[in-house]
Every structure is written in structure tokens, then in C-alpha cells.
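Because the structure is predicted, anything quoted here is derived from the model rather than measured. Residue numbering restarts at 1 for every chain, and letters A, B, ... go by the order of the sequence lines.
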Number of protein chains: 2
Amino acid sequence: MKPKKRTTIYDIAEKLNITASSVSRALNNSNHVNEETKKLILKTAAELNYKRNVLASNLRKGQTKTIGVVVPRINQNFFSNVIAGIEETTYSKNFNLIICQSNESHEKEIKCINALINQHVDCIVISVAIEGTDYSHLQNVIDHGIQLIQFDRVADEIETLKVINDNEQATFEAITHLIDQGYKRIALLEGPQTLNIFRQRKEGYLKALNKHKIPVIDELIIENAWTKELGAEATRKLLSLPEPPDAIFASTSDFSALGVLEVATSMGFKVPTELGILGYANEPFTELTSPSITTIDQFSQYMGKTIANLYFQESENKDTTVVPRTISVKPKLIVRASTSRK
Amino acid sequence: MKPKKRTTIYDIAEKLNITASSVSRALNNSNHVNEETKKLILKTAAELNYKRNVLASNLRKGQTKTIGVVVPRINQNFFSNVIAGIEETTYSKNFNLIICQSNESHEKEIKCINALINQHVDCIVISVAIEGTDYSHLQNVIDHGIQLIQFDRVADEIETLKVINDNEQATFEAITHLIDQGYKRIALLEGPQTLNIFRQRKEGYLKALNKHKIPVIDELIIENAWTKELGAEATRKLLSLPEPPDAIFASTSDFSALGVLEVATSMGFKVPTELGILGYANEPFTELTSPSITTIDQFSQYMGKTIANLYFQESENKDTTVVPRTISVKPKLIVRASTSRK
DNA sequence: CTGAAAGCGCTTACAG
DNA sequence: CTGAAAGCGCTTACAG
């Protein structure tokens with residue numbers, strides 16, 4: 001390894017027989033420094049391969065230009081797209097991103113949050129884990145004066161900036177589409193009702209049925225079917241009923257819908273004629289299955305950008321307090337073969 | 001917003017009528033401090049909701065416990081899995097991860113690297129962008145005394161720790177499999193030969209043909225077919241030849257293979273009987289297409305863990321210089337329907 | 001076991 | 001326009 005000792009502003013100052021103050025000013029492009037010496041300083045800095053020590057700078061300035069992101073899983077399409085969207089915006093503002101994944105564990109989520117507080121990040125962006133009902137760790141973020149932005153899966157009771165999907169409306173339209181296609185016994189695979197997103201999707205489902213005077217049948221509503229395996233299991237049960245459903249809405253994810261499709265196919269049900277299948281999230285694979293799966297696109301990357309922009313917007317008017325508010329992105333129904341029988 | 005002023009070790013010291021030195025020692029669990037006072041300090045710290053200022057601590061200690069990661073795209077399955085693997089390990093060691101994406105742009109890659117150097121990260125992990133042939137920015141990392149680990153797409157000439165796939169061997173086995181299945185005119189869709197991975201895959205292809213005394217036919221080798229669109233375009237050309245290939249190896253990615261499949265199907269070629277298709281990366285969708293696509297699994301998450309472990313291993317024996325070396329992970333051929341005609 | 005002091009590298013109000 | 005000095009919050013060798 002080459003020398004670990006890095007050049008500091010003092011090295012530059014010494015070489016040019018000036019003070020570190022001037023060097024610092026030049027490097028920060030202050031105009032309280034002579035144009036000539038500024039040029040000289042910049043030149044010397046380049047020669048000595050100077051890199052600012054951001055730690056020291058941040059410590060002094062009391063801000064880190066860093067945003068922390070906590071998501072359940074980095075390698076899940078929706079989240080990695082949101083992160084990509086955030087990154088795009090923060091990068092252009094010279095901000096850094098620290099990424100943590102909770103792995104759907106409440107305990108790890110708390111640890112991630114604490115690590116980010118320790119890091120003195122300027123903002124924390126989070127989508128909470130499936131686990132957990134106590135959100136005092138989020139309140140703690142706010143108590144430390146750190147901007148908190150929740151997205152997608154949010155804790156309703158913690159008042160912050162929120163960027164969410166209009167899950168209820170999207171679901172309402174999706175179910176209406178099923179009804180338009182002539183489906184009459186529509187089953188719902190629901191996720192843990194502790195999470196806002198799953199409650200809202202259920203709500204949309206109920207409202208759509210109601211609007212069309214279709215009775216809600218309890219045995220067609222299956223709890224906790226939020227993975228491919230659980231979706232498959234639920235489908236096995238549903239399709240074995242004396243009066244099986246003629247459509248299944250996997251409200252939790254496309255993975256769950258995939259489980260539905262596989263079981264339905266193996267049980268000999270024709271999709272979409274005998275069974276309609278509807279997923280959620282527009283995972284890339286949904287257009288590759290046969291038949292392709294109707295689903296709901298969440299504009300994930302756009303959500304990421306929205307989140308980042310929201311932060312920068314807020315941080316610009318420093319003096320005024322942040323008014324907790326919710327930005328709702330309207331998801332889009334993507335109709336494909338699995339529900340098209342007309 | 002609540003008070004921005006956070007409690008420091010001085011606040012704790014003042015309250016207990018001791019010095020910050022002792023507080024610091026207690027917080028760092030030093031045993032040069034009385035057990036009783038240590039307990040008292042910890043208790044008080046908790047009461048005051050004290051969070052260490054990691055910036056100050058790092059500045060003083062000269063290490064940040066942070067690893068920077070630069071990948072072409074965060075939201076690409078392979079990379080997000082590698083990141084997830086790295087995260088899992090670094091998290092357990094209380095390290096932070098700063099993530100950047102180059103978006104395949106050489107210029108942005110350089111900016112990311114510089115930002116990470118500024119941040120004084122302890123280690124930089126990178127998979128280089130498609131663009132670019134000059135890797136002096138990587139040398140710069142080393143010159144700053146920062147551990148550099150390259151993975152998957154590496155700059156051969158920069159001597160560092162490297163974690164790669166044995167692309168050549170994997171390809172060799174894949175092509176051998178095609179030959180075993182009776183395919184005789186095997187086309188190659190290759191990626192930019194500036195990247196090691198694509199050179200190695202081509203090498204494996206050539207060696208396998210050679211071994212089986214199958215002539216290499218230039219018109220069956222298509223340059224720069226590394227996206228779905230380019231794969232599709234190449235396939236249109238190949239299948240229109242007077243003597244079209246009976247198999248296509250999309251060495252660049254499964255996305256390219258998907259392009260092949262779609263064009264082949266639309267042109268009326270039967271897969272796998274009339275045309276075999278082989279991809280690379282084992283993207284989740286490859287088992288969902290019809291027919292499912294034979295591909296090569298890169299153990300991406302495992303690679304991530306390997307990278308992180310490598311760093312911690314090296315950082316433990318500080319005094320000895322790091323010996324540049326390469327860890328080669330053996331990818332695995334996943335045989336599916338698109339090449340199974342026996 | 002505990003304290004006083006220096007210093008990590010920078011920024012910035014205060015003088016001039 | 002430039003310098004001297006203080007301070008961000010912590011850690012750690014040096015005394016005692």
C-alpha cells in the first residue's frame with residue numbers, strides 16, 4: 001500500500017506560504033479570496049492529489065449530506081427500483097446514500113435506524129418491515145432532528161412526510177376490471193393487516209364488490225398469503241372448494257400471483273377462461289409467464305425520485321417546520337392475458 | 001422538529017461530575033474505568049438518549065467502518081444480489097455500506113469513486129461499467145491507501161483483490177452441453193470485448209468448439225449483443241442466413257437470450273428442437289418463459305459474502321501488505337427446456 | 001482508575 | 001482579501 005498519509009489543506013497552505021483558511025476558502029469557491037491565489041491553490045491541490053476529508057468538513061458543518069435508506073430487501077425489484085430512483089436524484093445533488101436492509105425483521109430495522117442516527121445522516125427514508133407494530137424507533141429519528149420520510153409501507157401513526165401508492169383506488173379499478181370481464185366469485189389473497197398497504201388493498205377490494213352489489217364471501221378471503229409458496233397453498237385450498245372462485249386477486253405481490261398460476265395450471269384450470277389471475281407490482285416476469293399476468297404498476301423508480309425531491313424541497317426552506325403530508329402516486333393497472341377473457 | 005442539539009459526552013460528564021475521558025472510555029467499554037461509574041455512565045447515556053457522533057469518532061480514529069460499492073445498476077438482479085450478500089456480512093460487523101451506481105457511464109463511475117475517496121471509506125468494491133478503458137481512477141483508490149476489491153467485471157491491469165466467476169470454464173461446460181445435445185451450428189452473441197467477462201466467455205466458447213473439432217464460423221459470432229433488443233436484432237439476422245445456426249448462446253445475459261427466444265418464436269422456429277437457446281446469469285424469469293431457458297447461475301449473493309469476508313480477512317492482518325489475488329467462483333449450468341432435445 | 005490536554009481536518013466568525 | 005483562533009465531538013497517549 002502506498003502512503004496512508006493524505007494531503008490536507010495544511011500541506012497546501014505550507015507549500016504556498018499562506019494559511020489553511022485561505023486554502024479552505026478557495027476550495028469552497030468562496031469569493032473572499034484573490035482570483036490569482038485561488039487558481040494557484042486549486043492547481044496545487046490537484047498536483048498533490050488532495051481530497052477533502054468529508055468527515056472533518058461534515059463534523060464542522062453539522063451536516064453530512066447523506067441520506068439513509070432502510071428497506072425490507074435490497075434485491076426485490078420494487079425496492080431496488082425505488083433506490084435507483086433516489087440515487088439518481090441524490091447523486092445530482094452530491095449527496096450520499098447509505099443503504100440498509102431490514103430483511104423484514106423488526107429487530108434489525110431498529111438496529112439499522114440507530115446506526116443511521118449515529119451516522120448523523122440528514123434524512124432517513126424507510127419502508128417498514130412486515131414484522132412489528134411498535135414504531136417508537138421512528139419517533140426517535142424525529143426526536144433527533146432528522147428528517148424522516150416513509151414510503152409504501154408506512155406507520156400511519158408516525159406523522160412524517162409519506163410517499164405512497166394509492167393502493168385502494170388502484171385495487172378498486174383492478175377489481176372493477178375483473179367484474180367487467182365477467183368474473184363473479186373473486187377471491188382475495190391478503191397480506192398482514194398490520195401493514196397499511198394490505199389494509200388499503202383489501203379496502204379497495206371490498207368497495208369494488210360493494211359498488212357492484214357482489215356479496216363478500218368470507219371463505220374466499222385468505223389471510224397471510226404474501227409469498228409464492230403461501231399463494232400456492234391458498235390456491236390449492238380455494239380451488240378445492242365446492243364452489244371455487246373464478247378469479248383470484250393476489251393483493252400482496254406478483255410472486256403470490258405466480259404461485260396461484262402454477263397451482264391453477266397444474267390443477268387443470270384454464271387461465272383466464274376458468275380462472276382470472278391478478279397480481280401486484282408489475283414485476284418484470286409477469287409479462288413472461290404463460291399466460292402473462294395482469295398486474296399493477298407502482299412507478300417504483302418515479303417514487304424514488306419523488307422521495308428525494310421531497311427531501312431537497314423541504315431542506316431548502318429550513319426555518320419553517322415541516323408539515324407532515326402524504327404524496328400519493330397513482331398506480332396503473334396493466335391488463336394482460338391472465339384476466340382477458342372478452 | 002424537536003431540539004437539534006444532541007447530547008454529547010460532555011453533557012453526560014457534566015451531569016455526573018466526571019470528565020469526558022471517562023465517559024468515552026465507558027462508552028467504548030474500556031476496562032480502565034470503574035465498574036460502578038461505567039454502569040452509571042451507561043445508564044445516564046440511555047436516559048439522555050445519547051448517540052455517539054460517528055463522524056467525530058471516525059475523524060479521530062482515522063477509519064470510517066464504511067465500505068463503498070460501485071455497480072453499473074443497482075436494480076439489476078445480479079448486482080442487487082451481490083449487494084445484499086455484502087450487506088449481510090458488513091452489517092454483522094457493524095460496517096456501513098455506501099452504494100453508487102455508474103449507470104454504465106465511465107464518467108459517472110469516476111465521480112462515484114472520487115466521492116467515496118472523499119468519504120474516507122475503508123474499502124471500495126467495484127464492478128466496472130461497460131464504457132471505459134482507462135482505469136487510472138482505480139489506481140487512484142489504491143494510491144489513497146484504500147482497499148480496493150473488484151468483482152465480476154474487473155480491470156485486469158489493476159492489481160487488486162478480485163472476486164470473479166470462472167466464466168471461461170462455465171461457458172466451456174455450457175457449450176459442451178449443447179454439443180452433447182446434438183447442436184452443431186452454435187452461434188455466439190458476444191458482449192464488448194473490452195470487458196474481461198465477455199472475453200472469457202468467448203474464450204470458453206472457442207475452446208469447446210475446438211475440443212470437439214467443430215469449425216468456428218465467423219458469421220455466427222455477433223458482436224455487441226448485450227441487451228434484449230440487440231439480442232433480438234442479432235437473432236433476426238442469424239435466422240435469416242442461408243444456413244442458420246441450430247443453437248444460440250447469448251453470452252451476455254439472460255435478457256439477450258430472451259430477445260433470442262421472442263424472435264425465434266415469432267419467426268416460427270421450434271425451441272429447443274430447431275433452435276437451442278442458452279443464456280447467462282440465471283435471472284428469475286428464465287424459469288418462467290416457455291420454454292424455460294437454460295442458463296448459468298453465478299451465485300451472486302454468495303459472491304457478495306465472499307467479497308465482504310475477503311475484506312475483513314485482509315483488514316485483520318494490518319501490517320502485512322495485501323497480496324493481489326483472484327478468487328474464482330465456479331458458476332453452475334442450469335439445464336432447462338430451451339436446450340433439452342434428447 | 002481518572003483527569004488534562006492535544007489533535008483528527010476542516011470551517012467560519014472576528015479582526016484587520 | 002487574509003490571518004489567527006476557536007470549535008465541531010470524539011479518542012488516546014501521558015501523567016498521576
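Taking side-chain N and O atoms only, A/Ser57 has no distance below 4.0 Å to OP1 or OP2 of C/dC10. Side-chain nitrogen and oxygen atoms of A/Thr8 include none within less than 4.0 Å of the OP1 or OP2 phosphate oxygen of C/dG9. Remark: B/Ser22 is in phosphate contact with C/dG3, judged by side-chain N or O atoms under 4.0 Å from OP1 or OP2. For C/dG7, the OP1/OP2 oxygens have no side-chain nitrogen or oxygen of A/Tyr10 closer than 4.0 Å.
For A/Glu36 and D/dT2, the CD to P distance is 11 Å, given to the nearest whole Å. Atom P of nucleotide D/dC1 and atom NZ of A/Lys38 are separated by 9 Å, given to the nearest angstrom. With rounding to whole Å, B/Ile9 atom CD1 is found 14 Å from C/dT2 atom C1'.
When the nearest nucleotides of DNA chain C are assigned to B/His120 and B/Glu35 by heavy-atom distance, the more 5′-ward of the two goes with B/Glu35. Between A/Val33 and B/Asn53, it is A/Val33 whose nearest contact on DNA chain D lies nearer the 5' terminus.
To the nearest whole angstrom, the two C1' atoms, one in D/dT12 and one in D/dG16, are 16 Å apart.
Between A/Asn75 and B/Ile83 the shortest side-chain heavy-atom distance does not fall below 4.5 Å.
Considering only the side chain of A/Ile18, D/dG3 comes nearest among C/dC10, D/dG3, C/dG3. The side chain of B/Ser24 lies closest to D/dT12, out of D/dT12, C/dG9, D/dG3. Among C/dG3, D/dG9, C/dG9, the nucleotide with an atom closest to any side-chain atom of A/Ala56 is C/dG9. Of the candidate nucleotides C/dC1, D/dT12, D/dG3, D/dT12 has the atom nearest to the side chain of B/Lys61.
Applying the side-chain hydrogen bond (donor to acceptor under 3.5 Å, both in side chains) rule to B/Asp134 yields the partners B/Ser136; only residues at least two apart in sequence or on another chain are considered. Not a single ring-ring contact (aromatic ring centres under 6.0 Å, His included) links B/His32 to another residue, sequence neighbours left out. Annotation: side-chain hydrogen bond (donor to acceptor under 3.5 Å, both in side chains) contacts of B/Asn29 (sequence neighbours excluded): B/Lys38. By the side-chain hydrogen bond (donor to acceptor under 3.5 Å, both in side chains) test, B/Asp152 is found to be paired with no residue, residues two or more places apart in sequence or in another chain being considered. By the ring-ring contact (aromatic ring centres under 6.0 Å, His included) test, B/Phe95 pairs with B/Tyr311, B/Phe312, sequence neighbours left out.
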Side chains of residues 8-19 of chain A: which donor-acceptor pairs under 3.5 Å do they make with residues two or more places apart or in other chains?
{"unit_1": "A/Thr8", "atom_1": "OG1", "unit_2": "A/Tyr10", "atom_2": "N", "d": "3.1"}
{"unit_1": "A/Asp11", "atom_1": "OD2", "unit_2": "A/Thr8", "atom_2": "N", "d": "2.8"}

Without placing hydrogens or testing angles, list every side-chain donor-acceptor pair under 3.5 Å for residues 113-120 of chain A, not counting sequence neighbours.
{"unit_1": "A/Asn114", "atom_1": "OD1", "unit_2": "B/Lys51", "atom_2": "NZ", "d": "3.0"}
{"unit_1": "A/Gln119", "atom_1": "NE2", "unit_2": "B/Asn96", "atom_2": "OD1", "d": "2.8"}
{"unit_1": "A/His120", "atom_1": "NE2", "unit_2": "B/Arg6", "atom_2": "NH1", "d": "2.8"}

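Under a 4.0 Å N-O distance rule, the pair B/Arg325/B/Glu314 qualifies as a salt bridge.
Using a 4.0 Å heavy-atom criterion, one finds that B/Asn28 contacts the sugar-phosphate atoms exclusively.
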Legend entry - Structure string for DNA chain D in dot-bracket form, Watson-Crick and G-U at under 3.5 Å, | interchain: |||.||||||||.|||
Legend entry - Verdict with reasoning, B/Glu88 to B/Gln301, per side-chain contact (heavy atoms from CB on, under 4.5 Å): CA-CA 9 Å; B/Glu88 205 177 304; B/Gln301 197 143 354; 3.6 Å; yes
Show each protein N/O and nucleotides 13-16 of chain D N/O combination with a separation under 3.5 Å, one pair to a line.
{"unit_1": "D/dA13", "atom_1": "N6", "unit_2": "B/Arg25", "atom_2": "NH2", "d": "3.0"}

